[in-house]
Structure formats: C-alpha cells, structure tokens
Amino acid sequence: MTTFSDLGLSQKVLSAVTDAGYTIPTPIQEGAIPPALQRRDILGIAQTGTGKTASFVLPMLTLLEKGRARARMPRTLILEPTRELAAQVAENFEKYGKNHKLNVALLIGGVSFDEQDRKLERGADVLICTPGRLLDHCERGKLLMTGVEVLVIDEADRMLDMGFIPDIERIAKLIPFTRQTLFFSATMPPEIQKLADRFLQNPERIEVARPASTAITVTQRFVATHAKDYEKRSKLRDLVRAQEDLKNAIIFCNRKKDVADLFRSLDRHGFSVGALHGDMDQRSRMAMLANFKDGNIQLLVASDVAARGLDIPDVSHVFNFDVPIHAEDYVHRIGRTGRAGRSGAAFTLVTKRDTKFSDAIEKLIDKKVEWLDGDLASLPALVESDEREKPRRGRGRERGERDRSDRGERSERSAERDRGDRDRANSHKSDNRRDDNGKEAIVADRGSDAVKADRHNDTRPSQPVRNQRPANDDNRDRRSRYRRDEDDGPTPVGFGDDIPAFMLIAGKA
DNA sequence: AAAAAAC
C-alpha cells in the first residue's frame with residue numbers, strides 16, 4: 001500500500017504530515033503529488049473533501065525548500081473563489097509548513113491592505129488570493145508576478161460560475177510562461193476544458209471517480225410548509241427542537257436578506273445561532289466560522305457561500321430553509337453533513353411553489369426523498385419518537401425571558417447591519433426608511449458580530465466575540481485561528497476520511 | 001426566485 005513516504009515529499013513535510021496523524025494518501029494525493037514534485041502540470045478533477053488541498057500544498061512545500069522569496073516577488077500563487085476557501089488553504093500551509101520558515105500571504109478582500117502590503121514587502125513564498133484583491137494589488141504596482149514559479153487554480157468550475165474567468169486570464173498573463181500550473185475543478189464542462197487546454201502544458205490528468213453507491217449516512221426528508229415566512233420560521237424552530245441528537249447544524253437560505261432575517265428570528269427565540277453570508281464584514285465572517293467550528297455556536301444560518309468547499313467537520317444536521325433553485329446546490333449543501341461515515345440528517349422545507357425544484361432534486365440524486373408529515377420527531381434511526389418535548393408553535397422551551405413575537409415589525413426593520421452597503425444600495429425594498437438608530441443599532445450590532453452564547457445551556461463553552469475589539473486588532477483573530485491545528489475525532493487514516501456525502505450519491509454531476 | 005468577488 002502506498003504511504004506518504006513513498007511519494008517523494010521532503011522530510012520536513014513528511015514529519016508535519018505524520019504529526020497531523022496521516023499515513024495513507026487519498027487517491028488524488030497519490031496521483032498528483034509525484035508528478036507535481038517533478039514540476040509537471042496537473043489537471044485534477046476532484047470534489048472538495050477528497051484531500052485535494054493537501055495534494056497541492058504538500059508538493060509546493062517541498063518545492064519551496066529550495067530558494068528564497070524576494071520583496072514584492074511572490075514565488076507561488078494560489079487562486080481561490082471565496083475568501084473562506086483562501087483562508088482555509090492558508091491554514092493548511094500553517095499546518096503542514098510548521099517545519100518551514102515560509103512567508104505565506106493571504107490576499108483577500110474585506111480586510112485592510114496594510115498588513116497584506118507588509119507581507120508582500122517582506123517577500124512572500126506563497127500568495128493565496130481571491131482574484132479581485134490580487135488584481136487590486138497588481139494595479140497599485142505593489143506586486144511583481146514575474147517570479148511566480150507555481151500557479152494553482154482551484155475550483156475552476158466555480159470560478160466560471162462566479163464570472164471570474166476573465167480575471168483569471170488577466171492574472172495568468174502576468175505570470176511567466178515557464179511556470180508550473182496546477183489546475184483543479186470538480187467538473188469539466190467544455191468551457192473549463194478549453195481553459196485547461198490554454199493554461200496547461202502536457203498535464204498529468206488525475207480524476208477521482210465519484211462512487212456510484214447511494215449515501216446511507218445522510219437521512220433526507222422533505223417537510224411540507226406554508227409559504228409565509230413566519231410559518232416557515234415556526235416550522236423550522238419546531239423541526240430543530242425535535243432533533244434530540246442535534247449537535248450542530250447549518251441552515252441554508254437562498255437569499256442574503258433571508259439569512260439575516262432568519263438569524264435574527266432564531267436569535268430572538270433564544271437559539272445559539274450565528275449567520276454567514278457574503279455581505280457581512282470580513283471580520284464577522286471569519287469570527288463566525290471559527291466559532292461555529294469550535295462549537296461556540298450551534299446553528300449557522302448561511303447562504304450558499306457555505307455550501308461548498310468549506311471544511312466544517314462533523315455537522316450533524318443540515319436544514320434547507322429554502323429549496324435551492326439549482327439541484328446541484330442541494331447536493332453541495334447536504335454534503336456538509338454525514339461526513340467521515342458519521343450519520344447526518346438533512347431536512348428541506350418545501351412549499352407548494354417549490355415542488356418543481358424538489359422534483360428536480362429527486363431526479364438529480366436519482367432517489368425519492370421521503371416526506372416528513374405530522375410528527376416532526378419521528379425520524380427513524382436518528383431521533384427516538386418522543387412526544388414529550390414536542391413544542392407548541394411559537395412558544396418553545398428556548399423562549400425564556402425574551403418572549404417577543406416573531407412577526408412584529410422588529411424583524412422587518414432590524415436586518416441592516418450585517419447586510420452591508422452594497423446590498424442596501426441594491427435593495428428595492430423599503431428597509432431603509434425605517435432605519436432608525438439607537439436601539440435598533442444595538443440589536444443589529446450584536447448580530448453582525450455574530451457570536452451567540454447559548455443562553456439556556458450553561459455547559460456550553462461560550463465566549464462571545466463581540467464588537468468590543470479595537471478596529472485595527474484583526475490580527476489577533478487570525479493568529480489564533482492558525483494556531484488551531486488539532487483535528488476532530490480519532491486519528492484518521494489518510495485524508496480520505498473526509499469524503500462528503502454527495503460523493504457517495506448515485507447520479508450524474 | 002440567488003450567491004459569490006475589489007475599492
């Protein structure tokens with residue numbers, strides 16, 4: 001059997017991999033690492049959760065041991081579609097590069113230029129970027145791309161979806177032709193193939209097959225609901241409370257506004273909840289994700305920014321507050337649970353008008369999803385049937401001291417803060433008119449910083465991260481994130497324990 | 001019917 005020590009990685013890298021508890025590489029790692037070390041171009045076709053990130057991080061670390069970075073001339077460049085993914089890759093460099101003295105710079109939007117500039121000035125061995133911020137740095141003339149030896153394009157198909165391809169092409173033009181290019185994509189539609197043909201020279205192609213068996217680890221249910229928002233919120237609360245084995249959950253909404261509204265509603269009802277969407281300020285996003293990973297908050301209301309790629313291990317439940325419009329998004333969302341062979345549950349609220357989307361989902365996953373009717377606690381194998389805790393609508397055990405109607409106008413007018421300026425500018429809704437300050441600002445403030453202690457469960461470790469930090473102190477947050485290099489659960493064998501459920505589902509991409 | 005990303 002192949003182990004990491006057979007792949008040609010350096011001693012420093014091997015010892016960090018061993019320390020992290022890994023011995024057996026996943027297929028993508030086994031396939032990509034040796035040719036990458038020989039400076040071949042790579043075309044990797046793999047979903048997130050297959051160990052893809054380590055398949056480029058580990059060989060890059062080995063290659064970077066020769067040579068040094070010069071000021072403003074990064075040696076390698078990694079492009080990621082979202083800020084969170086970029087930060088996650090940076091964490092991987094910290095983890096596996098702990099025996100190296102490499103300068104890793106994370107260039108993402110939403111945070112100040114100053115610190116990023118200082119890192120570039122010192123000379124970056126590794127640059128991890130979202131496209132917009134990288135181009136911004138380039139246009140300021142702060143960055144010379146002529147020294148880049150390795151270019152990584154990650155999640156290429158998602159970059160395409162997000163309209164990043166022109167940016168990617170502009171960036172690639174700045175980088176010498178002699179570079180090594182590592183190109184990853186979950187799928188290979190014709191546009192991506194064309195792009196790969198242009199960017200890669202005689203690449204080694206590694207494709208990780210999607211097993212054709214049905215995922216049995218995720219129990220899926222549709223839940224019929226009325227279309228009114230307050231009915232859906234009430235149904236969701238009942239559903240959440242009925243899950244006796246709910247450890248933590250992501251609740252997906254289709255729109256950012258609904259993320260903000262639902263977050264506020266759940267918060268008012270006393271749940272331990274946070275929110276994550278793309279218009280929140282970056283510090284809140286980072287703090288939120290870290291706190292959710294650390295278990296400081298139990299529920300995360302999120303847009304599809306959290307559907308793919310993010311490495312949040314061991315989510316017990318996924319709730320779709322809205323049926324995703326594109327069936328593939330459903331597969332990505334429920335792929336957040338049932339990982340590593342653990343059992344998980346995925347509930348989707350479906351209104352009458354949603355049925356065409358739920359039909360499309362069943363078609364895609366090639367499987368009928370059972371409807372959960374009546375007793376919300378009657379889930380086989382997940383929840384013992386138990387009527388005791390069945391809450392009456394609109395008044396649960398979490399209500400506690402803050403007993404306020406969910407339908408009140410407060411819910412409509414207090415969502416501003418964590419939505420951000422752009423959304424406000426784009427909104428045709430009438431929110432702004434009622435945007436008074438004072439009390440509302442305080443409510444919104446707590447929300448934007450995102451950490452909610454569980455008010456009725458004192459055993460939960462809850463150290464709320466609130467808005468009290470001085471404005472220029474965001475480094476502390478990041479450093480503490482990077483120090484967390486421990487793994488969850490028992491020592492895994494290889495990276496492949498992390499196969500998301502969607503990979504096990506039969507059906508086409 | 002959306003979201004993601006630069007200022």
Side-chain angles (χ1 to χ4, degrees), chain A residues 48 78-88 106-114 116-117 127-143 153-171 186 225 227-229 232 250-262 275-282 285-286 289 300-310 320-333 336 348-361 418-423 425-429:
Chain A
T48 43
I78 299 168
L79 296 170
E80 294 288 338
T82 69
R83 299 169 184 174
E84 276 75 13
L85 280 173
Q88 205 167 278
L106 181 61
L107 302 190
I108 59 175
V111 295
S112 99
F113 278 88
D114 297 350
Q116 295 177 358
D117 264 341
L127 218 53
I128 305 162
C129 316
T130 46
R133 182 53 74 97
L134 175 66
L135 286 170
D136 208 340
H137 277 281
C138 289
E139 279 156 17
R140 289 163 184 237
K142 302 272 189 169
L143 206 44
I153 297 166
D154 198 12
E155 306 253 335
D157 50 352
R158 201 169 169 205
M159 299 262 203
L160 177 76
D161 287 347
M162 293 166 68
F164 281 162
I165 297 305
D167 286 350
I168 302 295
E169 307 219 37
R170 280 174 66 201
I171 292 164
T225 178
K228 293 278 186 207
D229 276 355
K232 287 178 81 175
I250 304 181
I251 303 168
F252 285 103
C253 300
N254 285 356
R255 299 173 200 78
K256 288 178 282 199
K257 179 183 188 306
D258 294 329
V259 170
D261 290 351
L262 181 60
L276 186 70
H277 66 68
D279 280 354
M280 286 164 54
D281 69 82
Q282 190 58 27
R285 283 169 67 166
M286 295 270 200
L289 197 56
L300 184 67
V301 186
S303 68
D304 278 314
V305 70
R308 307 185 195 202
L310 286 191
N320 290 312
F321 186 73
D322 300 307
V323 183
I325 293 157
H326 295 300
E328 319 87 80
D329 289 334
Y330 175 84
V331 175
H332 286 289
R333 289 179 181 185
R336 304 284 90 202
T348 302
L349 298 186
V350 185
T351 69
K352 273 217 181 68
R353 268 185 290 173
D354 292 327
T355 45
K356 60 176 175 291
F357 301 119
S358 56
D359 289 349
I361 287 167
D418 54 7
R419 246 188 287 153
D421 295 331
R422 185 176 51 179
D423 193 42
N426 292 345
S427 172
H428 344 286
K429 296 275 182 333

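Keep in mind that what you see is a predicted model, and the values were worked out from it rather than measured. Throughout, a chain's letter reflects where its sequence line sits, starting with A, and its residues are numbered from 1.
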Over how many whole Å does the gap from [X] atom [atom1] to [N] atom [atom2] extend?
X: A:Asn254; N: B:dA3; atom1: CG; atom2: C1'; result: 9 Å
X: A:Glu139; N: B:dA5; atom1: CD; atom2: P; result: 18 Å
X: A:Ile171; N: B:dA5; atom1: CD1; atom2: P; result: 15 Å
X: A:Leu79; N: B:dA5; atom1: CG; atom2: P; result: 15 Å
X: A:Met162; N: B:dA3; atom1: CE; atom2: P; result: 12 Å
X: A:Glu84; N: B:dA5; atom1: CD; atom2: C1'; result: 11 Å
X: A:Leu349; N: B:dA1; atom1: CG; atom2: P; result: 21 Å
X: A:Gln88; N: B:dA4; atom1: CD; atom2: P; result: 17 Å

- Query: A:Arg285 has a side chain; which of B:dA2, B:dA5, B:dA6 sits nearest to it?
  - Reply: B:dA5

- What nucleotide, of B:dA4, B:dA2, B:dA6, holds the atom closest to the side chain of A:Val305? B:dA4

- Does A:Asp329 come within less than 4.0 Å of A:Arg333, counting only side-chain N to carboxylate O? no

Are [X] and [N] close enough that a side-chain N or O sits under 4.0 Å from OP1 or OP2?
X: A:Ser303; N: B:dA4; result: yes
X: A:Arg83; N: B:dA6; result: yes
X: A:Lys256; N: B:dA4; result: yes

- Message: Under 3.5 Å, is there any donor-acceptor pair linking the side chain of A:His277 to the base of B:dA3?
- Response: no

- Message: Please check this pair: side chain of A:Lys142 against backbone of A:Asp117, looking for a donor-acceptor N/O pair closer than 3.5 Å.
- Response: no

- Atom CZ of A:Arg170 and atom CD of A:Glu139: how far apart are they, to the nearest 0.5 Å? 5.0 Å

- Message: Distance check, rounded to the nearest 0.5 Å: A:Thr130 atom OG1 versus A:Glu84 atom CD?
- Response: 10.0 Å

- Message: Does any part of the side chain of A:Val305, heavy atoms only, come nearer than 4.5 Å to the side chain of A:Arg285, both counted from C-beta?
- Response: yes

